[in-house]
Amino acid sequence: MLKLEWDSSFFEKNIYMFEPSANLSVFDSKGAELVYSKVRSDNYQIISKLCDLGFEYVEGELEFFDEIESSTTDDSNIRLARKDDYKSLSTLISARFNQSRFREPWFTANQREQFYAVWLKNAIDGSFDDACLLYEVDKTIMGFVTVKVDEDRLRIGLIGVNSDFQGKGIGSRLIRAAHRYGYSQKCKEIIVSTQSSNVQAVNLYIKNGFRLSRSNSWFYWSKQ
């Protein structure tokens, strides 16, 4: 098992990642308070064995992809976030990621919100994701998306739309902005993952031409 130092420090508990294999006898929970394990959703044998070891199903994860072959027209309402945008952006985090795998009983709602707030802050300053793109009209931030370049692929991290402006196509504009950013960085593919229970996000990606590449399941083991 691999100890996740950042997670352990942030959530103030000993958290590990367990990579399952056909032989799960190597699982040793000594010293662990929480253990993550992510497996392909169709790997029924491993899933069954994880359950026998006391792991619990937490959430499904769907990974989508799209090719980046050209850019789209610039959107004058899109810009890079600055450090002084964090206060306004942080208000969009509250209750925005309730379907996250960072949920009760393993994490409190406050821990979840703080986790995504730190992620967002680190995306703005480029220390986690590379950038945070905003959709802003008349100095009102209506949505944001964070992006990270990984060799020739661009990964979307967080995406959120102000609840007052839902249903106005802002999510699609943010995806196109991410696409343009990827093109400018010479990326060939754009990738995004979301919870399988987040039907709104799934429909958004499909609507914008993404295709499903993988289905995973998250399981947790926790110290009683």
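Below, each value reflects all heavy atoms present in this structure, side chains not excepted, and no hydrogens, waters or symmetry copies. As the structure is a computational prediction, the values presented were derived from the model and not from experiment.
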Looking at [X] and [Y], would you say the former's side chain and the latter's main chain have a donor-acceptor pair under 3.5 Å?
X    : Y    : answer
K121 : Y86  : no
N208 : L204 : yes
D130 : V149 : yes
D125 : S127 : yes
S8   : L4   : yes
Q166 : V161 : yes
T108 : Q111 : yes
D129 : A131 : no
N198 : A201 : yes

Kindly compute the distance separating [atom1] ([X]) from [atom2] ([Y]), expressed to the nearest 0.5 Å.
X    : Y    : atom1 : atom2 : value
L154 : I190 : CG    : CD1   : 5.0 Å
R214 : L62  : CZ    : CG    : 12.0 Å
L134 : I141 : CG    : CD1   : 5.0 Å
S217 : D42  : OG    : CG    : 9.0 Å
L2   : I15  : CG    : CD1   : 12.0 Å
L34  : F11  : CG    : CZ    : 9.0 Å

Residues forming a side chain to side chain donor-acceptor pair (under 3.5 Å) with [X], sequence neighbours excluded:
X    : result
S215 : S41
S184 : none
K38  : E61
D66  : none

Could you state whether [X] and [Y] fall into the same hydrophobic cluster, counting links through intermediate Ile, Leu, Val, Met, Phe, Trp or Tyr residues with side-chain heavy atoms under 4.5 angstrom apart?
X    : Y    : value
V145 : V137 : yes
W106 : F115 : yes
I170 : V199 : no
I206 : F65  : no

Look at the aromatic rings of [X] and [Y] and report parallel, tilted or perpendicular, splitting at 30° and 60°.
X    : Y    : value
Y220 : W218 : perpendicular
Y57  : F219 : perpendicular
W6   : F10  : parallel

Exercise for the section: Apply side-chain hydrogen bond (donor to acceptor under 3.5 Å, both in side chains) to the pair Y16 and D7, showing each step before the final yes or no. Expected result: CA-CA 9 Å; Y16 288 77; D7 294 54; over 6 Å; no
Practice task
Would you list the pairs meeting ring pair (Phe, Tyr, Trp, His ring centres under 6.0 Å) in which at least one residue belongs to residues 154-209, sequence neighbours left out?
Solution key: F64-Y205, Y205-F210
Would you name the heavy atoms of [X] and [Y] that are closest together and state the gap between them?
X    : Y    : answer
D75  : R180 : CB-NH2, 3.4 Å
G160 : L174 : O-CD1, 3.9 Å
A81  : L89  : CB-CD1, 4.2 Å
E56  : S222 : OE2-OG, 4.4 Å
M1   : S29  : CE-CA, 4.2 Å

Fill in the blank from the handout: Residue set satisfying side-chain contact (heavy atoms from CB on, under 4.5 Å) with R155, at least two apart, ordered chain then number -> E63, I191, S193
Taking side chain as C-beta onward, heavy atoms only, is [X] less than 4.5 Å from [Y]?
X    : Y    : value
D85  : K87  : no
L120 : F144 : yes
I175 : I159 : yes
E136 : N77  : no

Are more than 12 heavy atoms, taken from residues, nucleotides or ligands other than [X], located less than 6.0 Å from that residue's [atom1] atom?
X    : atom1 : result
E151 : CD    : no
Q200 : CD    : no
K3   : NZ    : yes

Problem - Polar contact flag, side-chain donor to acceptor under 3.5 angstrom, Y116-S100 - result: yes
Problem - Exercise: do S197 and E59 side chains pair donor with acceptor under 3.5 Å - result: yes
Problem - F128-W119 aromatic ring centre distance below 6.0 Å - result: yes
Exercise for the section: Take R112 and R103, measure what side-chain contact (heavy atoms from CB on, under 4.5 Å) needs, and give me the verdict at the end. Expected result: CA-CA 7 Å; R112 180 178 62 245; R103 62 158 70 102; 4.1 Å; yes
Handout entry: Chi angles and distances behind the salt bridge (charged side-chain N to carboxylate O under 4.0 Å, His left out) call for E69, K188
Key = CA-CA 7 Å; E69 297 177 341; K188 297 179 180 179; over 6 Å; no
Handout entry: Charged tip of K49 within 45° of Y44 ring normal and under 6.0 Å
Key = no
Practice task
Apply side-chain contact (heavy atoms from CB on, under 4.5 Å) to V58 and R101, showing your working.
Solution key: CA-CA 6 Å; V58 179; R101 66 182 178 87; 4.0 Å; yes
